[in-house]
Each structure stands twice: as structure tokens, then as C-alpha cells.
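Handing you this structure, nothing more for now.
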Amino acid sequence: MRYSQMLLPTLKENPSEAEVASHRLLLRGGFIRRLTAGVYAYLPLGLATIRKVEQIVREEMNRAGAQEVLLPIVQPADLWIESGRWTKYGPELLRFKDRHNRESCLGPTHEEVITDLVRMNVHSYRNLPLNLYQIQTKFRDEIRPRFGLMRGREFIMKDGYSFDLAEEGANLTYQKMYDAYHRIFARCGLAFRAVEADTGTIGGSFSHEFMVLAATGEDTIVICRAAGCGYAANLEKAAGPASEAPKEPADMLPLEKVETPGQRKVAAVIAFLGIAPSQLVKTMVYLADGKPVAVLVRGDHEVQDVKLKNLLGAVDVVLADDQQIFEATGVPSGYLGPVGLKILVVADREVAVMRNVVIGGGEKNYHFRNANLERDFRVEKFADLRQVTATDRCPCCGGELEFPKGIEVGHIFKLGTSYSQAMKATYLDKDGQEKFFVMGCYGIGVSRIVAAAIEQNHDQDGIIFPLPLAPFKVVVLNLSPNDEKISGAAEAIYQGLLAAGTEVLIDDRDERPGSKFKDADLVGIPFRVTVGKGFTADGTVEVRRRAGATVAVPLADTVALILAEIDREMSALAGQS
RNA sequence: CGGGACGUGGCUCAGUCUGGUAGAGCACAGCGUUCGGGACGCUGGGGUCGGAGGUUCGAAUCCUCUCGUCCCGACCA
């Protein structure tokens, strides 16, 4: 491609709408332009990058035995009503009516559509297992789209769905996808980690997320430091260690009500009473689908609402505000305790082994000392409800934990029969028995990978694309388009690379050298060949790896050298998987 | 939805407090000089000041409403 003919509007200044690196650089580099909140147009360079990701995804999905399809983006409400998600999915599902007043929606995901397709067309065990995927635009009406391609409302996703005869087969398929995902992200040249995850709205029995490690990631993940352990989980999911302290029959001291005027926060109460935060139990009130629930956790722990949601089987849990707390319990916030509470009380399992604790007094300006479970208050259910902290140990091996940030670029779920049952999707087995398909679903955020790759690989000058994702592998800078000798050399390299099938951009614009260097750095093309004064002087051109060293190379050797470098690096990445 | 900030040429922003003929830099077009890390000079084109209503002799500026965008929390690839 010739730069002079390409729509590649780079920006010298930082757009005010962009905060994070990937968003800023994608805008500045002329990859994308915003149309409206969370909706972007892909310019030629942006599309070329998306295509690189798609191609890797496609190759690995096909290699793993999946087949590509393309499903409709507009979906009828009926299907969603059938699966039960028309009511469950919430406002992210963009709904509308067509001219016949039929309820419809824009597909945020395609479980319903694919299940419908398969139940209509697959009836026999002979046609199973089946693994179908598509690469397509999704729409989710996110509450707050942000960070450019990182969290758009419209985005490109690879979503795949598997249909198996039974559990064992489904587990095998899941493992295949897990392996394929590893190959995909490795081939993209990304530093990533697979972690155990919560199953979220899509539902199902277990799941893994694939996280690109980057300081700006929106998710916190928990990783065990111990060599050979390999425990890694999303913070939402990470198991709190089982309570160590035995349920010792420690001497229960008599319950004592103490005055704590104005002491509402944990920090204030412990300071006032001169105790450690681990000797206090705080009582949090949540509204689970609108119904109040009291949740007990140790003073230095935090409630993990995803765990709470799962325990209660709720669609939605939110922390109650002061007024809601008072309405539900009759106690002002800050002094609430489990004694005499009329609403459902659940607790983190750590609470079960605590003795002689401080709790809210159930009236303004009072707390209890030496409260004890069973004797003084009741708990309906115990479960792991708290967020793991830095002082916790690995639930697998007891090793130390670290908490890096990550960007979720892939998520695989084992769905089981939840959709096939809801939508009556069945096949006949060998014995003529009607059975439900055992399903799995597998997503990759294609456009998000581009953003994640940039978050992980950039410097103050611009993007540093991993070779496999770069829209062009090489950029040739012709520093003097008016000089025949220099232009001839630049053209020779350009043509040589083109002939070898390499994606190459030649900067043939009538611009000053400075602009060409700046733009080349900005858009992050891995190899840069500069043809200028050096060539006039001694017949060499400069080859430079983005953010690397420059070497002078005789014109005749240039193409071969670059091709060899590219080949070496690409096969290293492919082999590593 | 709650909290915060902001809408002025294509981009970045000044001007708004204290009402009085819409500005700068970049980008764009022409000419000239320049030419290895975003050059310089001269000339030129381009703006319903987000929109509507109001106050006023007069509104980018004050008031009301409205739309949009960005940032912080709950959703997710």
C-alpha cells in the first residue's frame, strides 16, 4: 500500500475524549473514529489489524474442528422469551419493534439463535458432536461504554457454541477449546493468563477467562506465586481459604452492650474500643432482586457481591443505601448487628469460627461486645462470601498470592443443558431415546484484543504491535521522493516485499522526514526501512525494529534479511503454542 | 441510574467570572524558502459558539429547559 493513497489520518495532538493508551493511540494513529458513544468506525489500518486477529482465531478454531457460520444480528423476542432471558438479560439488551410491531432485539450473544438452528436441523447422535462459531458484530447497550475499543457497545466478537452427546464429550470439547484459546493468544504475541471465572449471565457450570496482563486492565486476577501450583482466578471467583481456626469451644464471655457514640465506621469502632478489625463482624445490607438480606463478614474483609449473588440465586444484588437499611431493619446504618434481625441473615464462613466478637448494637450509638454465634444471633447460611485479600494464602497450595490487573479477552463456559432444556433442543441417541444437547460456549473479544495488545505494547511514541497483529509488517520510508536514486531503492524494496507476499506500506508522501518518522512510530509497524542520505553515501538502507536498534544493510540484502526475521519470529510464536 | 467535568472552524484550546464587531496554534489551499525526528514566511478559505426558549438596546458570556460527550461506581468479549 502507498501511504500517499491511503486514508490514514494521524493526529498530532491527543484527542480530548481519550484517556487510556489504546484509545488514544488508535485515534491518533488513524485506526478508528467514534461515531457515537461506544460505537466506532474502523478505518483501513484499523480493519487490517482486526483482520489479523480474525485470521488467527479462524485458523485455530478450524484446526480445533469448529465450523464457521454467520448468524443474524436481529433476533426475535420469542427466542429470548423461550430461554427466559428476555426478562433476565436487562437493559443491555437493545430491544425494539419492527414495522409489524413484533418485539426484536440486537444480538448481544447468540445462544438462543444457535440453539434454535441446531434443534431444527440436528436430530441424531450421528451428527454429534458439533462445534459452530462466527465472527460478528455484537451490540450490548452498556451502561457506560469507555476506553474506545476496550468496552464499546458495538464490538466484534468470535462466539462459538458446542453441542455434545453427554457430559464426557462436552468436557472434552471444553478442553479442546481451552487449548485452542491458548494457541490463539500465544500466536497473537500476547502475555496472557487463563483464570477460573464466574459464569455470569450466560450461566453454566464452570468457566475460564483469558486475561491479557496489563496495568490498565479493568479486572483484578489472583495468581499463586508458588512454582508448579498454577492457581489463577478472577478476583470475583477466587476462593477464600477455608477457615483455619477450629471451632474451639473458647470461653464465651458474657454479652455486653457498650456505648459507642458517633462511631459508625469499622475503623472508628475498633479505634474507639481498642480492638483489631478481625475481632469485629460487620453487617452489610444488600437488596437481592429488591429483597433485603443481611450479610456478615469479618471487619477486615469485604463482601464479594458476585459470590453473594450466586449464593442467593439472585439476578441482581446491590448494597442498600442508608434509608433502605433503616426501612428494612429499623436500625440506622453503622449500628446494625445480627441480633434480633428479622430479615434473611447470611455470613461468610469465616464468621462461623469467630468468638467474642464486636457487632452493631441494633440501636443508635451502641455496639455489642463478646457476641457469639448461636447463643446471641443466628445465621441462615454460611458460604464463601468475601473477597480474597493480600494476606490470604492460595486455596490450593497455601502459597503466596499476587493480584495483577488483566483485560478479559476470552471466556469459555461449560453450559450443560440449561439452554437445550429451556428451548427443548434434543436429539435421538443410539437407543432411540430423546436427549438434551450438552452445550458449551466460547467467546473472544476480537476488537478488544486490538486494544489489549496496545495496552500491553506501547511507548511514548506510539504503538508497538506484536508482529502477528501488525496491519503491515514493514513500512518503507522514502525520505526523498524527488530523488530518483533514493526512490528507486525504496521502490525496489517495496516491490521485493510485495512479491514475497508481505504486507508492506511505503511512505511515498511529499513530507519532511520528521513527519514520516513520527507517523511510523505512532502506528507501530514492526519493521521500518529508511532509505535516505545513507543510501546516497554508501548504498545502504537502515532497518530498524520498532523500539529497537537500527542496522545499516546493503540494498541487495534488505528484502531477504527482513523476510528471514519475520519468518523466524512468526514461527517462534506459532511453535510456542 | 448516582456523582464529577465539559460542549467555541477538521483537531487542541483561549474568550464565559465582569454581556458590547468570534480568536490562537495545528490541519487545509496557493506561493516562496527549507528538507534525517511533527520547519518557516506571506496570502487565503472555513465557525448556526451543541440545540430551544427567556432576560437585555445588545448574549459564546446571564437564567430555564434540552441534547450530546468524557471521567469515577454496578455490567461484560
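Throughout, protein chains are lettered first and strands after them, A, B, ... in sequence-line order, and every chain is numbered starting at 1. In what follows, every heavy atom counts, from backbone to side chain, and hydrogens, waters and symmetry copies are set aside.
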Inset, instruction - Please determine, for C75(B), whether a Watson-Crick or G-U wobble partner exists with both distances under 3.5 Å, and give it or none. - result: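 Pairing partner, where one exists within any strand: none, as none qualifies.
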Legend entry - Sugar-phosphate, base or nothing in reach of E236(A), heavy atoms under 4.0 Å: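 The residue E236(A) makes no contact with any strand.
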Legend entry - Atom P, compared across U66(B) and A27(B): separation rounded to whole Å: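 That atom pair is separated by 41 Å.
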Legend entry - Nearest-Å distance once atom C1' is located in both G73(B) and U16(B):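 Those two atoms are separated by 32 Å.
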Inset, instruction - Write down the partner of U56(B) under the Watson-Crick or G-U wobble criteria, each distance required to be under 3.5 Å. - result: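 With both distances under 3.5 Å required, U56(B) matches none.
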Report all interatomic pairs (protein N or O, nucleotide N or O of nucleotides 3-12 of chain B) with separations under 3.5 Å.
unit_1, atom_1, unit_2, atom_2, d
U12(B), OP1, S16(A), N, 2.8
U12(B), OP1, S16(A), OG, 3.1

Legend entry - salt bridge (Lys or Arg N to Asp or Glu O under 4.0 Å) between E455(A) and K405(A), intermediate numbers included: CA-CA 12 Å; E455(A) 288 300 329; K405(A) 293 283 182 185; over 6 Å; no
Inset, instruction - For E327(A), check side chain to side chain donor-acceptor pair (under 3.5 Å) against everything at least two apart and list the hits. - result: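 Only Q323(A) meet the side chain to side chain donor-acceptor pair (under 3.5 Å) criterion with E327(A).
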Inset, instruction - Could you tell me the separation between the CD atom of Q324(A) and the P atom of C1(B), rounded to a whole number of Å? - result: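 Atom-to-atom, Q324(A) to C1(B), this comes out as 17 Å.
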Legend entry - Nearest-Å distance once atom C1' is located in both A59(B) and C75(B):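 Those two atoms are separated by 43 Å.
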Legend entry - Cation-aromatic face contact R545(A)/F527(A), 6.0 Å, 45 degrees: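 So R545(A) does make the cation-pi contact.
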Inset, instruction - Pick base, sugar-phosphate or nothing for R28(A), based on heavy-atom distances below 4.0 Å to the nucleic acid. - result: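 Base, at least one base heavy atom under 4.0 Å.
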Inset, instruction - Kindly check if the number of other-residue, nucleotide or ligand heavy atoms within 6.0 Å of NZ (K138(A)) is above 12? - result: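 Count over threshold, so yes.
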Inset, instruction - Using a heavy-atom cut-off of under 4.0 Å over every strand shown, decide if S480(A) touches base, sugar-phosphate, or nothing. - result: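 No contact.
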Legend entry - Any-strand Watson-Crick or G-U partner of G44(B), both distances under 3.5 Å: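 For G44(B), the partner nucleotide comes out as C28(B), under the 3.5 Å rule.
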Inset, instruction - With a 3.5 angstrom cut-off on both distances, give the Watson-Crick or G-U wobble partner of C49(B), or none if there isn't one. - result: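 Across any shown strand, C49(B) pairs with none.
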Legend entry - Exam field: side chain N457(A) to backbone F465(A), donor-acceptor pair closer than 3.5 Å: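 Judged by distance alone, no pair lies under 3.5 Å.
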Legend entry - Closest non-hydrogen atom pair, A547(A) against D459(A):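 Heavy atoms of A547(A) and D459(A) come nearest at CB-OD2, 4.1 Å.
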Legend entry - Modelled atom types, side-chain donor and acceptor of K414(A) and S207(A), under 3.5 Å: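 There is no such pair (donor and acceptor under 3.5 Å, judged by atom type) between the side chains of K414(A) and S207(A).
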Inset, instruction - Would you indicate, yes or no, if C75(B) has its OP1 or OP2 atom less than 4.0 angstrom from a side-chain nitrogen or oxygen of R144(A)? - result: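 The answer is no; no side-chain N or O of R144(A) sits under 4.0 Å from OP1 or OP2.
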Polar atom pairs (N or O), protein with nucleotides 31-34 of chain B, under 3.5 Å:
unit_1, atom_1, unit_2, atom_2, d
U34(B), O2, R512(A), NH1, 2.6

Inset, instruction - Could you tell me whether F147(A) contacts a base, only the sugar-phosphate backbone, or nothing, with contacts defined as non-hydrogen atoms closer than 4.0 Å? - result: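 Touches sugar-phosphate only.
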Legend entry - Side-chain donor-acceptor contact under 3.5 Å, Y419(A) with R85(A):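 The answer is yes; a qualifying pair exists.
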Inset, instruction - Answer with base, sugar-phosphate or nothing: what part of the nucleic acid does R151(A) contact at a heavy-atom distance below 4.0 Å? - result: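 R151(A): base contact, heavy atoms under 4.0 Å.
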Legend entry - Close aromatic pair by centroid cut-off 6.0 Å: F210(A) and Y178(A):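 That pair passes the under 6.0 Å test.
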Legend entry - Residues K282(A) and H301(A): side-chain donor-acceptor under 3.5 angstrom: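 No, no side-chain donor-acceptor contact under 3.5 Å.
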Inset, instruction - Establish, with yes or no, whether the OP1 or OP2 oxygen of C75(B) is under 4.0 angstrom from a side-chain nitrogen or oxygen of K309(A). - result: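 For C75(B), OP1/OP2 do have a side-chain N/O of K309(A) under 4.0 Å.
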Inset, instruction - State the pairing partner of G7(B); accept Watson-Crick or G-U wobble contacts with both distances under 3.5 Å, and report none otherwise. - result: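 With both distances under 3.5 Å, G7(B) matches C67(B).
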Inset, instruction - Give G462(A) one of three labels, base, sugar-phosphate or nothing, depending on what nucleic acid heavy atoms sit under 4.0 Å from its own. - result: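 No contact at all - G462(A) keeps every heavy atom at 4.0 Å or more from the nucleic acid.
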Inset, instruction - For R528(A), answer base if it contacts any base atom (sugar-phosphate contacts may also be present), sugar-phosphate if it contacts only those atoms, and nothing otherwise; contact means non-hydrogen atoms under 4.0 Å. - result: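 Answer is base: heavy atoms of R528(A) come under 4.0 Å of a base.
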Inset, instruction - Just call it for D219(A): base, sugar-phosphate, or nothing, with non-hydrogen atoms closer than 4.0 Å on any strand. - result: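 It contacts base atoms.
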Legend entry - C1'-based separation of A29(B) from C67(B) [nearest Å]: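 So the two C1' atoms sit 35 Å from each other.
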Legend entry - Spacing between Y286(A) atom OH and A74(B) atom P, to the nearest angstrom: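 Going from OH in Y286(A) over to P in A74(B) covers 10 Å.
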Legend entry - Sidechain-backbone polar pair: R448(A) side chain, R151(A) backbone, donor-acceptor under 3.5 Å: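 Such a contact is absent between R448(A) side chain and R151(A) backbone.
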Legend entry - Donor-acceptor pair under 3.5 Å, R448(A) side chain vs C76(B) base: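 Indeed, a donor on one side and an acceptor on the other fall under 3.5 Å apart.
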Legend entry - Watson-Crick or G-U wobble partner of A39(B), both distances under 3.5 Å: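 Pair assignment: A39(B) / U33(B).
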Legend entry - Watson-Crick/G-U partner (both atom distances under 3.5 Å) of G23(B):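 Pair assignment: G23(B) / C13(B).
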Inset, instruction - With C1' as the reference atom in both, quote the distance from G38(B) to G45(B) in angstrom, rounded to an integer. - result: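 Roughly 24 Å separates the two C1' atoms.
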Inset, instruction - Using the P atoms only, state how far C62(B) lies from C1(B), rounded to an integer number of Å. - result: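 C1(B) and C62(B) have their P atoms separated by 26 Å.
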Inset, instruction - Answer with yes or no whether R140(A) presents, from its side chain, a donor or acceptor under 3.5 Å of a partner atom in the base of C76(B). - result: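 Side chain to base: no pair present.
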Legend entry - Test item: side-chain donor near acceptor, Y133(A) and N131(A), under 3.5 Å: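 No, N131(A) and Y133(A) have no side-chain donor paired with an acceptor closer than 3.5 Å.
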Inset, instruction - Would you classify V409(A) as touching base, sugar-phosphate or nothing, given that sugar-phosphate means primed atoms plus P, OP1 and OP2, and contacts are heavy atoms under 4.0 Å? - result: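 Sugar-phosphate only.
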Inset, instruction - Would you mind classifying the nucleic acid contact of G532(A) as base, sugar-phosphate or nothing, using non-hydrogen atoms under 4.0 angstrom? - result: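 Result for G532(A) = base.
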Legend entry - Pairwise P distance for A5(B) and G46(B), with rounding to whole Å: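 About 37 Å, rounded to a whole number of Å.
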Legend entry - Euclidean distance for C1', A39(B) against A77(B) (whole angstrom):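 Per the computed distance, 45 Å lies between those C1' atoms.
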